[in-house]
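Everything numeric in this text was worked out from a predicted model, so none of it was measured. When a ligand or atom number is given, it counts from 1 through the structure's own listing order. Computed over heavy atoms, backbone and side chain alike; hydrogens, waters and symmetry mates excluded. In this chain, residues are counted from 1 in sequence order.
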Amino acid sequence: MADYPLIELYIDGQWKRASGQTIINPADESVLGTVPTATRSDLDDALAAAGKGFAIWRGTAPAKRAQIILKAASLIRERVDQMAAAMTLEQGKPIEQARLEILRGCDIIEWDATEGLRLYGRVIPSEPGMRHTVLRQPIGPVAAFSPWNFPMSSPARKVAGALSAGCSIILKASEETPAGAAQLVRAFHDAGLPAGVLNLVFGNPAEISDYLIPQSRIRLVTFTGSIPVGKHLAEMAGRHMKPAIMELGGHAPVIVCDDVDPVSTAAASVVGKSRNAGQVCVAPTRFFVQENIYEQFAHSFAERASQLKVGNGLDPSTQLGPLANARRIDAMETLVTDAKTKGARVLAGGQRIGNRGYFFPLTVLADVPDDARAMNEEPFGPLALVNPVKTLDEAIEKANALPYGLAAYAFTRSASNADRLAEGVEVGTLSINHFVASVAETPFGGVKDSGYGREGGTEGLQCYTVVKNVSHKTL
Ligand code: NAD
């Protein structure tokens, strides 16, 4: 049995125990431990620490900052096995996926750390005797809220971005999957990060965001999670004139043109869809397949989906772990029943597996009507919806029909199709002929209801800065 770590608050460089809610293993519904609840006074301490930490960190040379951040990443790489086991216990994902998430988190931390050395300003030419210098400065203490589906890489993105740009941060990570964030923070502590620069709290999410966001010390809000919560937090940030990075939900379309092999594309789709049991904001969900290859694609997809090994993520042969919580099982059952009632065909899966642990198979529905709830609401689970289209234009129109605009995928051998897709699909990230939606060096984020601001890449780091123009006239 893998060990699950003790979860504590981390404020001003000190670990603090406290009582709180239980953490459940989604594979067998056993109790793993408890997550501490921060009191109002803990939050006040975290705010004071983040204020003090910012003064220290912004005054630290970028090269020294990068050294500490890179040291934290190297400690995480050394601890990857132990961290991965804890994340599989709390979140359910197969152990190899947990390892990959951590290593990807390290890639992000390392890329941001070195990019932090290159947050240059500009000198703008002007009339003689006048010089305009644009400084790019760290924005200040950040309030960050990370979700349960990527317990390590989501907080890592926020922490790496803030710290690499010279900001301090108060991270409120998920209460349901706290170990990923706790172990991330421990690595920064062990790497010698000055006290106060990074603080970790847990508790009642609404109470914490309601309290932190309006505080004058907080200069930026970053949130990853659902659209309704994102809109609520963005409103609050707006009321208090704080910029925000909002990484919200998606309902990614996948456009499969008839110039590709339907069988290998279906195989790749099963891998893409089953990652983290579909509990991914960029999960491929609405498959629009050109008529000529539709039936072959749909049946290959269903056949491969049915062959996935479902089980406890700690078993290395597991390909599909449990869903992270009982809410996701309820959502899958509701969406599948609704789609079936409206005429969708169930080609694979469709029903919960067993009644202990939150297991649900990769479910493939075909001919799903546009008014089925699953076609309009983010499933956030192992549900793939496959529908035929006649033309690329029809596929693009359907892809753009929802208020979501996070990720999209397309498969084609035609450069002209690829150009039309790049121009026409309304998303923050489009991947052609593969299912990787973001890497450390590229900006990631949404349009429309999927949010604004970017994480990753140069654009991501810039979100943690403000520009100041200094206009200097020679006397
Ligand atoms: P939810 O809307 O209750 O919560 C989503 C996340 O926001 C959770 O991590 C939660 O702790 C946090 N949260 C909720 N209220 C908050 C508040 N007032 N202040 C700060 N944080 C708050 O939904 P859920 O059941 O946990 O997750 C299901 C839905 O959330 C999915 O359908 C999906 O759309 C979305 N989600 C998206 C992502 C993503 O990566 N974009 C991640 C997790 C969940």
Trainee: Quick one: side chain to side chain contact (heavy atoms under 4.5 Å, CB included) partners of Ala374, sequence neighbours excluded?
Mentor: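 Counting only residues at least two positions away or on another chain, Ala374 forms a side chain to side chain contact (heavy atoms under 4.5 Å, CB included) with Leu335, Leu383, Leu385.
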Trainee: Can you say whether the rings of Phe301 and Phe287 are parallel (under 30°), tilted (30 to 60°) or perpendicular (over 60°)?
Mentor: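 Taking Phe287 first and then Phe301, their aromatic rings stand perpendicular (interplane angle over 60°).
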Trainee: Ion pair present between Glu110 and Arg77, side-chain N to carboxylate O less than 4.0 angstrom?
Mentor: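 Yes, Glu110 and Arg77 are salt-bridged.
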Trainee: Please find the pair of heavy atoms, one from Cys463 and one from Gly453, that lie closest to each other, and give the distance.
Mentor: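 It is SG-CA, 4.3 Å.
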Trainee: Tyr464: what forms a ring-ring contact (aromatic ring centres under 6.0 Å, His included) with it, not counting sequence neighbours?
Mentor: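 Tyr464 satisfies ring-ring contact (aromatic ring centres under 6.0 Å, His included) with no other residue.
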Trainee: Mind listing the N or O contacts between ligand 1 and protein, cut-off under 3.5 Å?
Mentor:
| unit_1 | atom_1 | unit_2 | atom_2 | d |
| --- | --- | --- | --- | --- |
| ligand 1 | 2 (O) | Ser226 | OG | 2.6 |
| ligand 1 | 19 (N) | Pro205 | O | 3.3 |
| ligand 1 | 19 (N) | Ser209 | OG | 2.7 |
| ligand 1 | 25 (O) | Arg327 | NE | 2.7 |
| ligand 1 | 25 (O) | Arg327 | NH2 | 3.3 |
| ligand 1 | 26 (O) | Trp148 | NE1 | 2.8 |
| ligand 1 | 26 (O) | Arg327 | NH2 | 2.9 |
| ligand 1 | 34 (O) | Glu378 | OE1 | 2.4 |
| ligand 1 | 41 (N) | Gly225 | O | 3.3 |
| ligand 1 | 41 (N) | Leu248 | O | 3.2 |

Trainee: Got a list of side-chain donor-acceptor pairs under 3.5 Å for residues 440-451, not counting sequence neighbours?
Mentor:
| unit_1 | atom_1 | unit_2 | atom_2 | d |
| --- | --- | --- | --- | --- |
| Thr442 | OG1 | Val439 | N | 3.3 |
| Thr442 | OG1 | Val439 | O | 3.1 |
| Lys448 | NZ | Asn400 | O | 3.1 |
| Lys448 | NZ | Leu402 | O | 2.8 |
| Lys448 | NZ | Glu426 | OE1 | 2.9 |
| Asp449 | OD1 | Lys231 | NZ | 3.3 |
| Asp449 | OD2 | Lys231 | NZ | 3.2 |
| Ser450 | OG | Gly249 | O | 2.7 |
| Ser450 | OG | Gly405 | N | 2.8 |
| Ser450 | OG | Leu406 | N | 3.3 |

